[in-house]
*Asks:* 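If you scroll down you'll find the structure; I have some questions about it.
Chain A is the first sequence line, chain B the second, and so forth, proteins listed ahead of strands; every chain is numbered from 1. Worth knowing before you read on, the calculation uses all heavy atoms, side chains too, and leaves out hydrogens, waters and symmetry mates.
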There are 2 protein chains.
Amino acid sequence: MTPNTLNSESLAQKLAHSGLRNTPQREVVYTALLTKRDHPTADEVHARVRADLPTISLATVYNCLETLVQCDLVRAVNFERGPTRYCPNLAPHAHFHDEATGATFDIDLPTGLISKIKDVLPPGYDADAIDIIFRGKTTATR
Amino acid sequence: MTPNTLNSESLAQKLAHSGLRNTPQREVVYTALLTKRDHPTADEVHARVRADLPTISLATVYNCLETLVQCDLVRAVNFERGPTRYCPNLAPHAHFHDEATGATFDIDLPTGLISKIKDVLPPGYDADAIDIIFRGKTTATR
DNA sequence: GACTAGAGTTAGAATAATTCCAAACTCCAC
DNA sequence: GTGGAGTTTGGAATTATTCTAACTCTAGTC
């Protein structure tokens with residue numbers, strides 16, 4: 001499979017679906033997220049995309065990331081106090097935040113667990129999204 | 001039951017246990033959290049405690065809140081992009097964030113669910129804490 | 001009771017993350 | 001090619017939080 005082409009198409013599609021344009025800036029930002037999936041901050045994304053598009057501004061990176069989140073192509077993740085991080089993994093998953101290194105890992109969630117968790121909501125509560133964040137230590141090397 | 005006395009004692013105890021002093025500032029900050037459990041920000045806590053201690057500074061409120069978190073008397077909760085909010089509910093629970101009003105509700109978690117969720121962690125991952133945040137709409141009035 | 005060391009508080013400055021804003025630019029559709 | 005919506009840009013502004021240095025308080029010691 002050719003992830004870039006595939007995802008570039010899905011980018012164009014999803015943008016068009018929302019009546020938005022597919023710009024070079026949006027492409028490089030999305031590609032940067034797909035290329036190195038280490039949950040970068042907006043600042044880190046900015047640094048990376050400057051290689052391809054030296055004049056892109058940080059404000060545009062924020063705009064593009066927000067656009068991608070709106071189009072459901074990217075998830076924004078917030079850990080305590082730190083800057084927002086971005087994740088192109090759309091499968092339902094949790095995040096593990098290694099407190100020693102600051103690294104973040106995706107944790108796959110078995111199908112069914114999400115709905116089981118949603119079951120604890122009392123009547124009248126309707127959740128669009130659930131964020132699950134583990135914090136602790138890991139010996140896993142990835 | 002007299003929640004303030006009870007909790008004032010547990011505050012003094014827990015502080016002593018960590019070799020810390022029980023100061024008027026720490027008391028009013030903790031009492032403020034117990035009195036109105038609406039997950040206030042540091043700024044909101046500051047506004048509330050000024051009624052009791054007009055000269056308390058925002059920096060001190062931040063210091064006290066951090067101290068209380070260290071002593072496991074209070075939990076810090078972070079929603080996307082917003083300021084950190086503080087919660088004196090120590091029972092394991094999730095948070096529901098109403099996107100329309102910005103209000104936050106505690107959601108009790110049945111015993112066993114936490115460990116069930118922890119089971120999805122691959123070997124080598126050791127979580128100290130789990131944050132579960134629902135985002136959506138609610139018709140619940142509380 | 002004064003002395004001292006360390007813990008705690010304070011106000012304001014500094015920093016970090018993000019958003020706002022107005023001007024310039026781009027892309028189509030007419 | 002003109003107009004208007006959508007987009008980008010750089011810098012200013014805002015927000016949340018931390019840092020810093022001076023000051024205060026307290027507990028223990030003589």
*Asks:* Closer than 4.0 Å, any side-chain N/O of A:R26 to the OP1 or OP2 of D:dT7?
*Replies:* yes

*Asks:* Look at the side-chain N and O atoms of B:T60 and state whether any lies under 4.0 Å from the OP1 or OP2 oxygen of C:dT10.
*Replies:* yes

*Asks:* Starting from P on C:dC28, measure out to CG on A:L15 and report it in whole angstrom.
*Replies:* 13 Å

*Asks:* Would you say D:dT15 has OP1 or OP2 under 4.0 Å from some side-chain N or O of B:R81?
*Replies:* no

*Asks:* Does A:N63 reach a base, just sugar-phosphate, or nothing at all? Heavy atoms under 4.0 Å.
*Replies:* base

*Asks:* Considering just the side-chain nitrogens and oxygens of B:T23, establish if one lies under 4.0 Å of OP1 or OP2 belonging to D:dC25.
*Replies:* no

*Asks:* OP1 or OP2 of D:dT17 versus the side-chain N and O atoms of B:Y62: is any pair under 4.0 Å?
*Replies:* yes

*Asks:* Hey, mind stepping through A:R50 and A:E44 against salt bridge (Lys or Arg N to Asp or Glu O under 4.0 Å) and telling me if it holds?
*Replies:* CA-CA 10 Å; A:R50 250 126 93 95; A:E44 287 164 352; over 6 Å; no

*Asks:* Tell me which of B:R21 and B:P83 sits closer to the 5' end of DNA chain D, going by the nucleotide each one is nearest to.
*Replies:* B:P83

*Asks:* Given A:T104 and A:H97, is the side chain to side chain contact (heavy atoms under 4.5 Å, CB included) satisfied, shown in steps?
*Replies:* CA-CA 5 Å; A:T104 300; A:H97 189 66; 3.5 Å; yes

*Asks:* From the options D:dT17, D:dT9, C:dT10, select the nucleotide whose nearest atom is closest to the side chain of B:I56.
*Replies:* C:dT10

*Asks:* Taking the six-membered ring for Trp, are B:F105 and B:F134 ring centroids under 6.0 Å apart?
*Replies:* no

*Asks:* Does B:T55 reach a base, just sugar-phosphate, or nothing at all? Heavy atoms under 4.0 Å.
*Replies:* sugar-phosphate

*Asks:* At 4.0 Å (heavy atoms only), tell me whether A:L58 reaches a base, stays on the sugar-phosphate, or touches nothing.
*Replies:* base

*Asks:* Categorize A:T41 for me: base, sugar-phosphate, or nothing, with a 4.0 angstrom heavy-atom threshold over every strand shown.
*Replies:* nothing

*Asks:* Do A:D98 and A:T138 get their side chains close enough for a donor-acceptor pair, meaning under 3.5 Å?
*Replies:* no

